[in-house]
Amino acid sequence: MILKPEQVIPFLYYVYITAITPGPANLCSLGTAIQYGRKVAMRQWLGILIGFAIVSTSSALVCYFLGTALNDKVKYLSFIGAAYLVYLAIHMLRSSYTDDPENVKKPGFVRGLLVQLTNVKVMISCITAISTFILPNTREFWPIFITGLLLPLTGPIANLVWLFTGAALQKFFINHTKLVNIVMAVSLILCAVSLIIFK
């Protein structure tokens with residue numbers, strides 16, 4: 001068994017919290033659904049799903065080869081991730097949902113893929129999940145790799161909550177653009193702070 005019985009609930013709680021809390025992919029899906037609707041956001045979501053799978057399996061491989069020695073390096077990723085989230089927050093404050101749709105290139109699969117491949121929050125959460133919950137129990141390749149394959153069932157599924165919320169409340173969000181942008185920007189900054197404080 002990959003997890004000890006007493007580890008199951010803490011592990012599930014950890015992956016749920018890291019998946020559902022604000023981050024680049026969740027806020028990107030929300031923003032795309034608000035501006036372009038569900039159909040365009042779903043095309044982008046497929047890129048997010050594939051990107052998450054690449055990051056999580058890569059994280060599993062890195063954990064397998066580096067083991068617990070990796071834990072000391074995660075703190076440096078935290079600072080990079082925090083800086084990236086602050087950049088996204090500034091970009092969010094400058095964005096507008098009133099641009100002419102005909103003159104703006106709609107996001108799609110590639111944008112979703114790139115958002116996830118550069119999503120330091122996902123890298124840190126995958127590495128932390130594996131190094132904290134899996135490595136203490138086993139150093140064998142397949143349990144670690146299978147965990148990396150299963151982690152995409154958390155982030156991208158939680159991401160759909162943000163996507164469908166944006167699509168359902170599209171009209172409200174468009175009518176309150178400034179307030180929504182401020183709330184999402186503050187959420188990103190809080191996420192950045194949490195990466196530094198809880199690294």
Side-chain angles (χ1 to χ4, degrees), residues 9 11-56 81-82 84-102 104-126 128-129 150-195 198:
I9 292 177
F11 176 77
L12 293 176
Y13 180 75
Y14 172 80
V15 295
Y16 168 76
I17 290 298
T18 56
I20 202 69
T21 51
N26 287 340
L27 293 174
C28 184
S29 286
L30 178 65
T32 300
I34 291 169
Q35 189 168 9
Y36 300 103
R38 186 184 304 172
K39 189 174 180 181
V40 172
M42 284 301 295
R43 286 200 296 268
Q44 179 180 267
W45 180 82
L46 288 175
I48 288 172
L49 173 65
I50 299 301
F52 196 108
I54 292 170
V55 170
S56 64
Y84 179 64
L85 291 176
V86 171
Y87 162 78
L88 287 176
I90 294 169
H91 178 73
M92 185 74 63
L93 288 172
R94 294 178 177 175
S95 67
S96 170
Y97 305 129
T98 58
D99 296 328
D100 183 358
E102 300 300 321
V104 178
K105 185 177 180 182
K106 294 181 180 179
F109 177 87
V110 173
R111 181 183 176 190
L113 182 67
L114 292 176
V115 164
Q116 259 335 26
L117 292 179
T118 58
N119 190 344
V120 178
K121 179 191 173 189
V122 169
M123 296 175 196
I124 292 171
S125 64
C126 289
T128 302
L150 293 177
L151 284 174
L153 296 176
T154 60
I157 299 302
N159 186 260
L160 286 175
V161 173
W162 289 79
L163 189 155
F164 286 116
T165 298
L169 301 175
Q170 185 178 24
K171 186 175 180 181
F172 171 82
F173 284 145
I174 289 174
N175 291 336
H176 300 86
T177 301
K178 189 172 182 179
L179 176 62
V180 171
N181 285 351
I182 290 172
V183 169
M184 290 198 290
V186 169
S187 297
L188 280 170
I189 291 171
L190 290 175
C191 187
V193 170
S194 70
L195 281 179
F198 301 112

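Quick note: residue numbers are just sequence positions, from 1.
Here the closest non-hydrogen pair linking Thr18 and Lys121 is O-NZ, 3.0 Å. Taking each heavy atom of Thr32 and Ala41 in turn, the nearest pair found is CG2-CA, 3.8 Å. What you find for Leu114 and Thr118 is that their closest heavy atoms are O-OG1, 2.8 Å. Of all heavy-atom pairs between Ala129 and Tyr14, the closest is CB-CE2, 3.7 Å. Of all the heavy atoms in Ala33 and Ala167, the pair that sits closest is CB-N, 3.5 Å. When all heavy atoms of Val161 and Thr165 are compared, the pair lying nearest together is O-OG1, 2.6 Å.
In this structure, Tyr16 contributes its side chain and Ala158 its backbone to no donor-acceptor pair below 3.5 Å. Side chain of Asn159 to main chain of Ala25: a donor-acceptor pair is present (N/O by atom type, distance under 3.5 Å, no hydrogens or angles). A donor-acceptor pair is defined here as one N or O able to donate and one able to accept, closer than 3.5 Å; no such pair exists between the side chain of Ser29 and the backbone of Asn26.
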*asked:* The test is side chain to side chain contact (heavy atoms under 4.5 Å, CB included); show your working for Phe109 and Ile50 and say whether it passes.
replied: CA-CA 9 Å; Phe109 177 87; Ile50 299 301; 3.9 Å; yes

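Under the 4.5 Å side-chain criterion, counting only non-hydrogen atoms from C-beta, Gln44 is not in contact with Val115. Annotation: side chain of Cys28 is not in contact with side chain of Trp162 (no heavy-atom distance under 4.5 Å). For the pair Phe52 and Thr154, the minimum side-chain heavy-atom distance is below 4.5 Å. You'll find the side chain of Val120 reaches within 4.5 Å of the side chain of Ile124, heavy atoms only. Here the side chains of Leu113 and Ile54 are in contact, with some heavy-atom distance below 4.5 Å.
The distance from atom SG of Cys126 to atom CG of Asn119, rounded to the nearest 0.5 Å, is 9.0 Å. We find the CG-CE distance between Leu117 and Met123 to be 7.0 Å, quoted to the nearest 0.5 Å. The distance from atom CD of Gln116 to atom CZ of Arg111, rounded to the nearest 0.5 Å, is 12.5 Å.
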